[in-house]
Every structure is written in C-alpha cells, then in structure tokens.
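All values below were derived from every heavy atom in this structure, side-chain atoms included, with hydrogens, water molecules and symmetry-related copies excluded. Since this is a predicted model, take the numbers as computed values, not measurements. So you know, we letter chains A, B, ... as the sequences are listed, proteins then strands, and number each from 1.
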Number of protein chains: 2
Amino acid sequence: MSTEYPTPATAELQLVDVLRALADPVRLDVVRLLGDGMAHCKGREDWNFGVQKSTMSHHLRILREAGVTDVTIDGRDHWIRLRREDLEARFPGLITGVLSDRAEG
Amino acid sequence: MSTEYPTPATAELQLVDVLRALADPVRLDVVRLLGDGMAHCKGREDWNFGVQKSTMSHHLRILREAGVTDVTIDGRDHWIRLRREDLEARFPGLITGVLSDRAEG
DNA sequence: AGGATGGTTCGATGAACGTCATACTCCGAA
DNA sequence: TTCGGAGTATGACGTTCATCGAACCATCCT
C-alpha cells in the first residue's frame, strides 16, 4: 500500500509561493538533490543537510505545499520527487534556471 | 550627468538572493513592469503599487542589491531596468519563467 | 507484545522581513 | 537663495520564518 500527500494542482501553482519555497539554502539543496528526476527516499545518506529532522520536515512541507515536490508514502518511507514537468508547464524555464546553478561556489 | 548605483557583477549573482528578491508580491509586480526591457522612471503613473514611497524604496533596494535590477540616476530621476541578459546568462530560463506568469489571476 | 526506526507536530525562541511615518539629502525651478 | 519635489535612511512595530528539542504517531522486525 502507498498513499500520497495532498498537493496543489498544476493550474493552482502560485508563483510567489514557489519562489518563496525555493528561496532558502536548505530547500535549494533539496531541490538540487531531486534535480535528477528520480524519487529520493528521505532518511538515506544523501539527505544530510545539517539540520534536525524536525526542521527538515518543515522544509519538505513548504516545498510540498507550494507544489514544488511530490511525496509518496510507502510504509515508513517517504519518497520525494520534484514536480519538474508541472513546474515547467506552468512557469517555463524557471526550474531549469534554478538547477543550472549547480556549478559554482 | 548621470551616476549609477553599485550592483553585483554577473558572476557574483547568488541564486538564493535573487530568489528571495523575487519572492514578494510587490517586487514581483515591479519585475513584471520592467519585463518589457525598457528603463522605467520611478515616480511615474505606472509605479503605483499600493505602498508608501519609503516601502517602495526598500523593495527597489533589495532588487538592486540582489542584482535583479539596474539603477541609473539622472538628476532627481531614477531609471530602473531589469538585468535580463545578466540573469539569463547566469541562470538560464529563470527570468523567462517568472515573466511567463503574466496571464493568470 | 515490545522495541527500534522513520516522520510529524507542537511550543518556544531569536532573527529576518514588510510596512509605515518621520527626518534627511539632493536636485531643479522660481 | 529659497522652495518644493523625488528619493533615501532611520527607527519602530507587528508578523512571519528557520531552528531546535521533546512529545507523539505509525510501521517494521523480533
């Protein structure tokens, strides 16, 4: 069995909410991790961003409620995915621009 | 005579700062106004966004310091311009995605 | 059943933010 | 040189936000 979290429909995505969700270092790191298009399971090695789990939970909620991510619950595991196609359909270029920032310090 | 405000170089643009600058309704409206590529003079009719002038000054400072806009001072007039090419060079697609949101409520 | 594990929720706290009114600076015109 | 207008800087105020620890919930394994 697997459930899903409620998340706004593509047409309901609000630009301000999306931008606010992206405008944080931790959340930006999460988005970059999800940039490969795969669903990533929380609680794995690659999820260590230097914050407590309650804080991470908070960040993931913001991303989800803004419609940036998708969450599928499978038992104790939460699989997070970037809603790249939806974002691209709604705000063409935006996510590409965000992810293009990989190579700098 | 005309001076300019200091503004970060293209290579120094920080994604988080740019996103934070864009993640506000008033500033988003400003960016949309500047979306035509022209330099707009503050204090004209089209600059009425329902906030006091000190608040608007604050918002314009944030946009400028993040590198989203350019300001040229000519006497008492301040001409604001969107740094579209620079942003496009640094984060390809981002600004296009933001400006593509024109047509919705 | 019981314990360990993966996530969430709930205060609390300190920092950052948006807003405004006021005071100030600078320029141009009378 | 004096006055008014355009814009900035400062300080205050209330709100939102990121962060954490602790309590809680659900699931898997023994």
Checklist entry - With a 4.0 Å cut-off on heavy atoms, is A:R44 in touch with a base, just the backbone sugar-phosphate, or nothing at all? => result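 Result for A:R44 = nothing.
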Checklist entry - What nucleic acid atoms does B:R20 come within less than 4.0 Å of, heavy atoms only: base, sugar-phosphate, or nothing? => result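 Contact class for B:R20: sugar-phosphate only.
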Checklist entry - With no hydrogens and no angle check, is any side-chain donor or acceptor of A:R84 less than 3.5 Å from a backbone partner on A:I95? => result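 No, A:R84 side chain to A:I95 backbone: no donor-acceptor pair under 3.5 Å.
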Checklist entry - For the side chain of A:S100 and the backbone of A:G97, is there at least one donor-acceptor N/O pair under 3.5 Å apart? => result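 Yes, because the side chain of A:S100 sits within donor-acceptor range (under 3.5 Å) of the backbone of A:G97.
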Checklist entry - What pairs with B:E85 under salt bridge (Lys or Arg N to Asp or Glu O under 4.0 Å), at least two apart in sequence or on another chain? => result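 So B:E85 forms a salt bridge (Lys or Arg N to Asp or Glu O under 4.0 Å) with B:R81.
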Next on the checklist: I'd like to check the salt bridge (Lys or Arg N to Asp or Glu O under 4.0 Å) partners of B:D86; sequence neighbours left out, ordered by chain and number.
Outcome noted: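 Salt bridge (Lys or Arg N to Asp or Glu O under 4.0 Å) check on B:D86 returns B:R83.
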Give the table of side-chain donor-acceptor pairs shorter than 3.5 Å for residues 23-30 of chain B, with sequence neighbours excluded, one pair per line with atom names and distance.
residue, atom, partner, partner atom, Å
B:D24, OD1, B:V26, N, 2.9
B:D24, OD1, B:R27, N, 3.2
B:R27, NE, B:A21, O, 2.6
B:R27, NH1, B:H59, ND1, 3.0
B:R27, NH2, B:R20, O, 3.2

Next on the checklist: What range of DNA chain C does chain A touch, first nucleotide to last, counting atoms under 4.0 Å from its heavy atoms?
Outcome noted: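 Contact boundaries, 5' end first: C:dA4 to C:dT9.
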Item to check | Interface limits on DNA chain D, where chain A has a heavy atom under 4.0 Å of a nucleotide atom | outcome: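 Both ends considered, the range comes out as D:dC17 to D:dC28.
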Once side chain to side chain contact (heavy atoms under 4.5 Å, CB included) is applied, do any residues pair with [X], and if so which ones, sequence neighbours excluded?
X	value
A:D46	A:L33, A:H40, A:R44
B:T96	B:E88
A:R64	A:Y5, A:R61, A:T69, A:V71
B:R76	none

Next on the checklist: Please list, in numerical order, the residues of residues 52-68 of chain A that have a heavy atom closer than 4.0 Å to any atom of DNA chain D.
Outcome noted: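 Here the set is A:Q52, A:S54, A:T55, A:H58, A:H59, A:I62.
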Checklist entry - Going by the salt bridge (charged side-chain N to carboxylate O under 4.0 Å, His left out) test, which pairs reach into residues 8-19 of chain B, not counting sequence neighbours? => result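 Non-adjacent pairs meeting salt bridge (charged side-chain N to carboxylate O under 4.0 Å, His left out): zero.
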